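See structure below.
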Amino acid sequence: MSHEGYDHTAVEERWQAAWAEADAYRTPDEVDDPTYVLGMYPYPSGKLHMGHVRNYTITDAYARYRRMRGDDVLHPMGWDAFGLPAENAAKERDTNPRDWTFDCIDTMRGQMRSMGFGYDWDREITTCVPEYYEWNQWLFSRFADADLVERRDAEVNWCPSCETVLADEQVEGDAELCWRCDTPVETRDLDQWFLKITEYADELLEAIDDLEGWPNSVRQMQRNWIGRQYGTTLDFAIEEHGSVEAFTTRVDTIFGATFFALAPDHPISEELAEADDAVRRFIEEEADPDGDEPNGVETGLTATNPVTGEEIPVFVADFVLSDVGTGALMAVPGHDERDHAFAEKMGVDIEPVVAPEPDDWDGEAVPDAPDVGDEPFTDDGVLVNSGAYSGLDSDTARERLTEDIESAAESTQYQLRDWGISRQRYWGTPIPVVHCDDCGPVLVPDEDLPVELPEFINTTGNPLDAAEEWKETTCPECGAQATRETDTMDTFVDSSWYFLRYVSPDLADAPFDLDRANDWMPVDQYVGGIEHAVMHLLYSRFFTKVLADEEGLEHREPFTNLLAQGMVQLDGEKMSKSKGNTVSPQRIVEEYGADTARLFMMQAAQPERDFDWSEEGVKSTHRFLARLSDLVEEYAAGDVETAGSDAVEPGDAADASDSSPDRETIDEYVAAETDAAVAIAGDEYDDLTFNVALREAQDLVGTLRSYREHAEPHPEIYERSLDVAVRLLAPVAPHLAEELWETLGRDGLVVDADWPAATADRETVERRRRLVANTREDVRDIVDVAGIDDPERIDVVVAPGWKYDALELALDSDADNLISELMQESHIRERGDAAADYGQDLQANREALRETLAGDDEFDALRAAAWLIEREFDAPVRVERAADADESVVRKAEPGRPAIDIAE
RNA sequence: GCGGGGGUGGCUGAGCCUGGCCAAAAGCGGCGGACUUAAGAUCCGCUCCUGUAGAGGUUCGAGGGUUCGAAUCCCUUCCCCCGCACCA
């Protein structure tokens with residue numbers, strides 16, 4: 001037989017063609033509620049990388065598994081095709097973003113096909129075509145109808161050289177340089193379009209609790225991001241400037257507020273800067289919000305504490321951020337780390353007003369004030385030095401103070417900001433707005449959508465600004481001359497609802513077919529990188545909720561189960577182009593085949609864990625597939641001697657008098673292991689723990705190889721087991737599985753085959769395997785320790801029935817004296833000393849006793865596995881019942897542990 | 001700092017939820033053997049220490065604890081990774 005492996009290129013191309021021919025992955029519109037399996041669609045950057053391969057292998061394997069289980073499956077793919085890299089690439093190559101993007105898509109689609117990913121390509125979507133992005137515009141209008149769109153001034157990163165806005169991620173280093181041209185980035189105030197995601201902050205936060213199919217890490221990251229905090233707003237009067245609102249979560253510490261601080265860009269700070277040089281100098285030169293050190297400048301003003309009436313100094317301080325709370329805070333150095341540090345530096349008073357709650361506190365007494373000179377006390381406790389509020393616990397004090405202070409009100413703050421979607425770029429969805437001198441910004445009417453992108457103009461700034469002809473239009477309201485909005489949308493808008501478009505990708509009069517979406521959504525299993533934990537996943541949840549409220553979608557969450565897949569690393573480091581430590585999927589496919597790449601990745605680790613790419617591992621996987629291929633080909637070619645037709649059927653156990661392990665017991669062993677593999681692999685595929693499922697499949701193949709080597713396999717059992725092994729591997733190695741399925745003479749495609757049926761109780765399987773493994777190990781130990789070079793015969797003797805009975809009794813019994821209880825059973829008592837000895841063993845190990853297989857089951861299991869021992873030691877093995885064996889040997893046998901006697 | 005996830009034998013990596021069958025799967029690497037003219041592939045073993053009949057000892061980051069019994073449960077501590085963060 002050949003050990004060259006198989007011709008993976010030929011096999012893979014052949015079955016890719018066959019699948020296409022058979023339309024194997026098509027999900028018809030008529031199906032009721034398919035299992036929706038989705039991988040995050042890629043940005044078409046040019047080529048697939050290993051991260052993509054892993055991501056899409058996971059979804060593909062799961063989709064194939066569900067299909068074999070009989071589900072209708074929806075498994076689509078598309079392209080996140082808008083984005084700045086296309087503009088840059090177009091400039092570099094002197095082409096345009098559209099052509100470049102479609103080239104990339106063609107390449108990547110081809111690579112996906114060569115990986116054997118089974119997508120319904122009839123549902124392919126591409127976000128950069130007007131047929132898609134017109135619905136971004138339409139949705140923008142619906143959001144506007146629902147009062148969820150706002151245009152306002154915002155501060156953005158601006159590169160003066162590229163003349164465009166940069167995302168935060170595109171500003172590099174502490175020096176804040178443009179990622180493209182290393183120009184220092186400036187901030188600019190621009191009119192920006194926002195989607196009011198904060199309107200949904202509470203629901204987005206609270207519904208996280210019910211996302212039980214999501215990893216905790218992602219759930220927690222979203223909670224942090226939304227950052228809801230309950231507290232109190234209240235006014236401090238600043239002389240000459242009136243009242244200023246501050247937000248605090250610790251109004252219970254207000255008696256210890258010894259100064260007041262304003263953000264450098266707070267309106268009052270800016271006002272002060274005009275008159276006060278020191279303040280101006282601080283704001284312009286010293287303030288360093290990114291530094292560790294809190295800096296500030298005294299304004300000479302005072303603020304009035306609304307409770308105590310005390311006048312406290314007002315500072316402008318750089319640790320106060322204008323976008324947190326109200327940009328102004330009451331500072332309590334006795335009970336806040338940062339305020340403490342600042343007070344020490346500026347020489348402000350530090351007063352303790354909360355004491356730790358004493359262990360034996362009666363709920364009323366006022367404890368001694370703690371020493372907060374060196375360290376603040378930041379926990380809740382009992383109020384001290386707080387007038388009438390002294391002696392209250394922090395919680396109660398917060399409630400009362402919020403009630404009692406006239407300007408105070410309970411207030412909830414969020415870290416989540418509204419979503420600024422304006423981008424001053426070409427390659428995105430034009431925001432469907434026209435600016436009219438008289439009417440202001442006006443939405444483009446639905447019937448005029450889509451607003452299509454004009455031809456790309458290679459220019460330094462925003463090409464849309466340069467598209468004079470395109471820009472000029474008329475106002476939809478008054479008909480006057482007007483100009484188009486030149487901002488395009490953040491590409492996260494595209495991806496916030498693309499999973500709905502797959503339901504009806506060609507629909508011309510709505511973004512998605514509502515009835516079908518109601519049936520098909522939510523996505524049952526979503527798989528993607530952790531880098532999207534917040535942005536994409538939060539925006540998608542937001543869109544889904546808005547669509548539920550405004551458009552009749554009957555689902556409020558888009559993704560039931562989420563898997564954040566781990567990274568593919570090389571030598572413990574993330575693969576990246578800049579480090580040059582990438583492994584090209586294309587090379588792997590050429591060298592070893594797609595099935596090898598897929599199988600290697602899936603068996604290397606749990607899908608959510610990082611793992612190291614290993615060329616050795618790939619080779620090993622490749623050899624495994626070659627061995628499997630050989631095994632099946634050789635059988636199909638009739639090169640395997642199989643037992644004749646007079647062979648005993650499985651389950652038709654050999655008669656008990658025949659105690660040597662015969663061929664038919666081997667058949668039983670193989671049949672049982674096959675059932676076990678099916679049951680376990682199925683459970684594990686369900687849980688997406690492909691690594692464990694595949695281990696079963698690989699072990700089964702190993703067993704079958706031994707079977708063929710050691711015995712003349714029973715034709716039906718052998719063929720069924722080969723058939724099962726092929727099907728267990730089909731979700732992950734689909735091409736070779738098809739090839740071997742055909743070789744075995746099966747009808748149809750394995751992709752359409754049923755998952756094999758088998759009943760096996762996992763616990764029993766594990767006990768059986770454990771018994772066999774332990775027994776083999778014991779034989780090895782004995783042979784080794786006793787220095788037996790060439791065993792002549794090995795006897796394995798199962799314990800007598802009464803010991804199983806005694807064990808059973810011991811397990812059930814709660815009597816103090818087990819022995820007397822056992823001796824009440826005449827069939828045990830009559831064993832005399834042996835019974836007493838065993839009884840004592842049981843008594844001594846009372847707590848550690850474990851249920852074993854029944855005696856007959858142990859006998860059968862050992863007989864079935866005897867061939868493994870024979871093969872290993874090249875000696876005949878007799879598996880005997882106690883009654884048939886020598887008493888001196890039997891004595892050592894216990895349930896779960898047969899006696900072993902080796903003759904030299 | 002807060003939150004999340006980890007630390008297992010030469011390496012990778014299961015096991016931990018649901019304690020005993022765990023000196024701890026599997027793969028890789030290493031060693032020995034079979035096959036081969038040889039290499040490769042394949043197959044059979046070994047791979048913490050001691051041991052002439054299945055035993056004993058010491059191990060799962062460290063230290064305590066619970067338990068008849070801990071890689072597994074609890075507490076403390078150290079280290080690594082990820083996310084958030086002068087967040088009022």
Side-chain angles (χ1 to χ4, degrees), chain A residues 1-5 215-225 227 229 231 246-250 253 261 263 288-295 317-321 323-332 336-339 341-342 378 413-415 530-531 533-534 567 572 600 603-606 608-612 614-617 619-621 623-624 626-627 630 689 691-692 694-695 698-699 702 705-706 709 766-767 769-771 773-775 777-788 844-852 871-874 892 896-902:
Chain A
M1 114 185 66
S2 105
H3 293 291
E4 302 297 307
N216 282 332
S217 55
V218 175
R219 296 208 276 174
Q220 196 57 40
M221 282 160 78
Q222 293 213 348
R223 288 191 191 103
N224 290 344
W225 189 261
Q229 267 192 315
F247 173 80
T248 179
T249 55
R250 292 298 304 275
T253 63
D288 175 20
D290 299 321
D292 291 334
E293 185 83 350
N295 302 304
D318 61 4
F319 70 86
V320 184
L321 307 177
D323 60 350
V324 175
T326 61
L329 65 88
M330 67 170 216
V332 185
D336 181 277
E337 301 275 359
R338 189 201 47 230
D339 296 350
F342 188 80
T378 57
Q413 297 281 321
Y414 301 88
Q415 194 175 304
I530 188 74
E531 65 273 21
V534 175
M567 279 187 300
F600 168 66
Q603 53 105 66
Q606 289 175 17
E608 49 275 282
R609 301 268 286 236
D610 296 344
F611 80 97
D612 264 21
S614 142
E615 200 73 18
E616 282 310 319
K619 286 183 180 152
S620 159
T621 303
R623 288 198 299 264
F624 166 78
R627 289 197 298 270
D630 283 348
T689 38
N691 53 332
V692 183
L694 294 167
R695 188 167 76 213
Q698 291 182 302
D699 285 352
R705 287 175 64 81
S706 301
E709 289 298 318
E766 271 156 26
R767 278 195 193 141
R769 286 180 174 176
R770 179 55 52 192
L771 175 72
N774 285 347
T775 305
E777 192 132 330
D778 284 344
V779 174
R780 264 174 229 140
D781 269 1
I782 294 168
V783 167
D784 184 38
V785 174
I788 299 169
N845 297 301
R846 236 8 222 293
E847 310 283 352
L849 298 178
R850 299 287 303 249
E851 212 176 316
T852 65
R871 188 192 53 172
E872 185 173 335
F873 296 96
D874 199 23
K892 283 186 279 184
R897 192 158 191 267
I900 296 165
D901 188 59
I902 302 174

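All chains are named by letter (A, B, ...) in the order of the sequence lines, taking the proteins before the strands, and each is independently numbered beginning at 1. Note that the structure is predicted; figures quoted are calculated from it, not measured.
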Could you pull out the protein-nucleic contacts involving nucleotides 69-71 of chain B (nitrogen or oxygen on both sides, under 3.5 Å)?
none

For this session: Just call it for Arg871(A): base, sugar-phosphate, or nothing, with non-hydrogen atoms closer than 4.0 Å on any strand.
Result: sugar-phosphate
Exercise. Atom CZ of Arg250(A) to atom P of A88(B): distance rounded to whole Å?
Worked result: 11 Å
Seminar exercise, completed: Between Val534(A) and Gln222(A), the two heavy atoms sitting closest are O-NE2, 3.9 Å
Close N/O contacts between protein and nucleotides 11-18 of chain B (under 3.5 Å):
from, atom 1, to, atom 2, distance (Å)
A14(B), OP2, Arg609(A), NH2, 2.8

Exercise. What is the distance from CZ of Arg780(A) to C1' of A23(B), rounded to the nearest Å?
Worked result: 14 Å
Exercise. Can you check the Arg767(A) CZ to C21(B) C1' distance for me, whole Å?
Worked result: 9 Å
Exercise. Which base, if any, makes a Watson-Crick or G-U wobble pair with G83(B), both distances under 3.5 Å?
Worked result: C2(B)
Exercise. With Glu766(A), which residues qualify under salt bridge (Lys or Arg N to Asp or Glu O under 4.0 Å), at least two apart?
Worked result: Arg762(A)
Exercise. For Asp339(A), which residues count as a side chain to side chain donor-acceptor pair (under 3.5 Å) partner, sequence neighbours excluded?
Worked result: none
Exercise. For Gln413(A), which residues count as a side chain to side chain donor-acceptor pair (under 3.5 Å) partner, sequence neighbours excluded?
Worked result: Ser411(A)
Exercise. G6(B) and C43(B): how far apart are their C1' atoms, nearest whole angstrom?
Worked result: 39 Å
Using atom names, set out every protein N or O paired with an N or O of nucleotides 49-58 of chain B below 3.5 Å, distance rounded to 0.1 Å.
from, atom 1, to, atom 2, distance (Å)
U52(B), O4', Val785(A), O, 3.1
A53(B), N6, Ile902(A), O, 2.6
A53(B), N1, Ile902(A), N, 2.9
G54(B), O2', Asp778(A), OD1, 2.6
G54(B), N1, Pro898(A), O, 3.1
G54(B), N2, Asp778(A), OD2, 2.9
G54(B), N2, Pro898(A), O, 3.0
G54(B), N3, Asp778(A), OD2, 3.3
A55(B), OP1, Arg897(A), NH2, 2.5

Problem set entry | Whole-Å gap separating P (G4(B)) and CE (Met221(A)) | 13 Å
Problem set entry | Donor-acceptor pair between Arg695(A) and Gln698(A) side chains, under 3.5 angstrom | no
Problem set entry | Nearest-angstrom distance, C1' atom, A14(B) to G27(B) | 11 Å
Exercise. What interatomic distance, in whole Å, is found between P of G10(B) and the corresponding atom of A62(B)?
Worked result: 13 Å
For this session: Quickly work out the Tyr414(A) OH to A88(B) P distance and round it to whole Å.
Result: 15 Å
Problem set entry | Rounded C1' spacing from C17(B) to A71(B) in Å | 14 Å
Problem set entry | For the student: nearest non-hydrogen atoms of Met330(A) and Ala246(A), plus distance | N-CB, 4.2 Å
Give me, pair by pair, the N or O atoms of the protein and of nucleotides 28-35 of chain B that are less than 3.5 Å apart, along with how far apart they are.
from, atom 1, to, atom 2, distance (Å)
C28(B), OP1, Ser620(A), OG, 3.2
G29(B), OP1, Glu616(A), OE1, 3.2

For this session: Could you tell me which residues satisfy side chain to side chain donor-acceptor pair (under 3.5 Å) with Glu615(A), sequence neighbours excluded, listed by chain and number?
Result: Arg587(A), Tyr592(A)
For this session: Write down the distance separating the P atoms in C82(B) and G13(B), rounded off to the nearest Å.
Result: 16 Å
For this session: Please confirm whether the backbone N or O of Asn691(A) pairs with a side-chain atom of Thr689(A), one donor and one acceptor, at under 3.5 Å?
Result: no
Problem set entry | Separation of the C1' atoms in C16(B) and A25(B), to the nearest angstrom | 14 Å
For this session: Heavy atoms only: give me the nearest Gln603(A)-Thr621(A) pair and the separation to one decimal.
Result: NE2-OG1, 3.9 Å
For this session: Determine the interatomic distance between C1' on A70(B) and the same-named atom on C21(B); round to the nearest Å.
Result: 15 Å
What are the atom names and distances for every N/O pair under 3.5 Å that joins the protein to nucleotides 85-87 of chain B?
from, atom 1, to, atom 2, distance (Å)
C86(B), O2', Arg338(A), NE, 3.4
C86(B), N3, Gly291(A), O, 3.2
C86(B), N3, Asp292(A), O, 3.3
C86(B), N4, Asp288(A), O, 3.2
C86(B), N4, Gly291(A), O, 2.6
C86(B), N4, Glu293(A), O, 3.0
C87(B), OP1, Arg338(A), NH1, 3.2

Exercise. Under a 4.5 Å cut-off applied to non-hydrogen side-chain atoms, are Phe600(A) and Ser620(A) in contact?
Worked result: no
Exercise. Residues in salt bridge (Lys or Arg N to Asp or Glu O under 4.0 Å) with Arg780(A), at least two apart?
Worked result: Glu872(A)
Problem set entry | Test salt bridge (Lys or Arg N to Asp or Glu O under 4.0 Å) applied to Asp336(A) - qualifying residues, sequence neighbours left out | Arg338(A)
Seminar exercise, completed: Between Asp699(A) and Glu851(A), the residue closer to the 5' end of RNA chain B by nearest nucleotide is Glu851(A)
Exercise. Can you check whether Asn774(A)'s main-chain N or O pairs, donor with acceptor, with Arg897(A)'s side chain at less than 3.5 Å?
Worked result: no
For this session: Take the protein atom CZ of Arg219(A) and the nucleotide atom C1' of G3(B), then report the distance between them rounded to whole Å.
Result: 14 Å
Seminar exercise, completed: Using Watson-Crick geometry (N1-N3 plus N6-O4 or O6-N4) or G-U wobble (N1-O2, O6-N3), each under 3.5 Å, C43(B) is paired with G33(B)
For this session: May I ask which nucleotide in the shown strands pairs with G15(B), Watson-Crick or G-U wobble, both distances under 3.5 Å?
Result: U8(B)
For this session: In whole angstrom, give the distance that lies between atom CZ of Phe624(A) and atom P of U42(B).
Result: 12 Å
For this session: Could you go through the side chain to side chain contact (heavy atoms under 4.5 Å, CB included) check for Thr248(A) and Leu329(A) one step at a time?
Result: CA-CA 7 Å; Thr248(A) 179; Leu329(A) 65 88; over 6 Å; no
Exercise. Ala263(A) and Leu321(A): which non-hydrogen atoms are nearest, and at how many Å?
Worked result: CB-C, 4.0 Å
Exercise. With a 4.0 Å cut-off on heavy atoms, is Arg223(A) in touch with a base, just the backbone sugar-phosphate, or nothing at all?
Worked result: nothing
Problem set entry | Contacts of Arg623(A) that satisfy salt bridge (Lys or Arg N to Asp or Glu O under 4.0 Å) - sequence neighbours left out | none
Exercise. What distance, rounded to whole Å, do you find between the two P atoms, one in C44(B) and one in C28(B)?
Worked result: 13 Å
Exercise. Is there a donor-acceptor pair closer than 3.5 Å between any side-chain N or O of Asn295(A) and the backbone N or O of Asp318(A)?
Worked result: no
Exercise. To the nearest Å, how far apart are Glu531(A) CD and C84(B) P?
Worked result: 12 Å
